[in-house]
2 protein chains.
Amino acid sequence: MTVTATDAVVAAAETAVADQEPARLARCRGPVLHPRPTGRDQYTISEVAEHTGLSAHTLRWYERIGLMPHVDRTHTGQRRFSNRDLDWLDLVTKLRLTGMPVADMVRYAELVREGEHTFAEREELLTAHRADVRERIAELQDTLRVLDYKIDAYADARRASEGV
Amino acid sequence: MTVTATDAVVAAAETAVADQEPARLARCRGPVLHPRPTGRDQYTISEVAEHTGLSAHTLRWYERIGLMPHVDRTHTGQRRFSNRDLDWLDLVTKLRLTGMPVADMVRYAELVREGEHTFAEREELLTAHRADVRERIAELQDTLRVLDYKIDAYADARRASEGV
DNA sequence: CGCTTGCTTGGAGTGCACTCCAAGTCTCTA
DNA sequence: TAGAGACTTGGAGTGCACTCCAAGCAAGCG
């Protein structure tokens, strides 16, 4: 497989998001547990597992079902993940945490592999998922109100019985 | 099974949340699709399925695994759900939508059956779940930012190619 | 009375997303 | 160079939350 100009453009687009993300979101999180070592572009499967929190099993399974772009191999066939692979896994992990079905992520991965002419469909897919995510946030906040109410009720009951 | 004073108190506490909820949350939703008919306290399983969006299979299964309080039966053994059952199902549905495992909901149902002395543990259980929900909202909002960024990028690409 | 439709049960089946296994190969450290 | 430990594969197994099935009972209608 050769790397075409189109591939490069797509890859750049794909990578840009992950690249700019840590900076934007840094304030939301504590220190990253397993910072990516700088100046390296080769990771064993267990290093990637450690870094992403996915199991090595899951990483192999992702590759089997077409959710990973082709991962480099050593001359003896062992996987060597690149920083770009890690970027991709960061995105996949985010989408997974927001409940996107694996089948949809595989579809998205296919579109990415197919090149630039799938931009429109990718945008559609992500837009649909964004609507989902927004709905789910609303549901969660809905439930949060109920939880607050009930927890308050139980706390009141506790205080009343302790205070007597 | 007799209804004790404790049961009544607990039931009132359980019901209160569901009762006050539609009013509070009405602004967030369109018209309710299947409003509960007034002046009725007897529903067949298919009516409840229609109302809650759960399947009749699922309702029977909820009862089997102890997620429903005992449901009344006709003299021939058919289920007749009460308004209180519907209130309970509303809560269960909310908790389920926010990803509470069924096992945890069953545990909560048990605590409710056991009476007032389990208030503290119920509060704990709900508080733990609330923390979960908050974390998940944060995750979703995190991903929302990434989605916005990527969708924008694709939209820009589309506009650029159309505008040339 | 027969027909249709709805309800009952325990148990089996489904789909998703992993998760593990067995048997063999490779890499690293002493 | 020997041994520990990490890596490989296809396929089987797991856990969750339903989802359906078969066989039978019950209610309402023409």
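A note on names: the letters A, B, ... follow the listed sequences, proteins ahead of strands, and every chain is numbered from 1. Heavy atoms only: backbone and side chains are in, while hydrogens, waters and symmetry mates are out.
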Looking at Thr44(A), does any N or O in its side chain come under 4.0 Å of the phosphate oxygens OP1/OP2 on dA6(D)? no
Using whole Å, what does the distance between atom P of nucleotide dA17(D) and atom CG of Leu54(B) come to? 14 Å
Round to the nearest Å and state the distance from Tyr43(A) atom OH to dC7(D) atom P. 15 Å
Atom CD1 of Ile65(A) to atom P of dT9(D): distance rounded to whole Å? 15 Å
Of Gly99(A) and Thr74(A), the one whose closest nucleotide on DNA chain C sits nearer the 5' end is Gly99(A)
Rounded to whole Å, CE of Met100(A) lies from P of dC16(C) at a distance of 15 Å
If we check side chain to side chain contact (heavy atoms under 4.5 Å, CB included) with His129(A), which of these qualifies: Leu147(B), Ile151(B), Leu144(B)? Leu147(B)
Most 5' of Arg64(A) and Gln78(A) on DNA chain D, judged by nearest nucleotide: Gln78(A)
dC7(C), OP1 or OP2 - any side-chain N/O from Ser46(B) closer than 4.0 Å? yes
So, is Arg96(A) near the phosphate of dC18(C), with a side-chain N or O under 4.0 Å from OP1 or OP2? yes
Would you please confirm or rule out a distance under 4.0 Å between OP1 or OP2 of dA6(D) and any side-chain N or O of Arg60(A)? no
Rounded interatomic separation in angstrom, taking CD1 from Ile45(B) and P from dT9(C): 8 Å
Quick one: is His75(B) getting a side-chain N or O under 4.0 Å of the dA27(D) phosphate, OP1 or OP2? yes
Test log, rule side-chain hydrogen bond (donor to acceptor under 3.5 Å, both in side chains), inputs Asp85(A) and Ser82(A): CA-CA 5 Å; Asp85(A) 293 330; Ser82(A) 66; 3.2 Å; yes
Closest approach of Asp156(A) and Arg159(A), non-hydrogen atoms and distance? OD1-NH2, 2.6 Å
Kindly point out which of dC18(D), dT9(D), dT27(C) is positioned nearest to the side chain of Trp61(B)? dC18(D)
Quick one: is Thr76(B) getting a side-chain N or O under 4.0 Å of the dT8(C) phosphate, OP1 or OP2? no
Quickly work out the Arg80(B) CZ to dA26(D) P distance and round it to whole Å. 13 Å
Is there a side-chain contact between Arg79(A) and the phosphate of dA6(D), meaning an N or O under 4.0 Å from OP1 or OP2? no
Rounded to whole Å, CG of Leu97(A) lies from P of dA17(C) at a distance of 13 Å
Kindly say if Arg73(A) contacts the phosphate of dT9(D), meaning a side-chain N or O under 4.0 Å from OP1 or OP2. yes
Nearest-neighbour nucleotide for the His57(B) side chain, dC7(D), dC20(D), dC18(C) considered: dC20(D)
Rounded to the nearest angstrom, tell me the gap between atom CG in Leu67(B) and atom C1' in dC18(D). 13 Å
Please round to the nearest 0.5 Å and tell me the distance separating atom CG of Asp152(A) and atom CD of Glu123(B). 9.0 Å
Heavy-atom nearest pair, Thr118(B) first then Val112(B), reads OG1-N, 4.4 Å
Quick one: sort the Trp88(B) and Tyr108(B) rings into parallel, tilted or perpendicular, breaks at 30° and 60°. parallel
Let's see if you can work this out: which of dC18(C), dT27(C), dA17(D) has an atom nearest to the side-chain heavy atoms of Tyr62(A)? dC18(C)
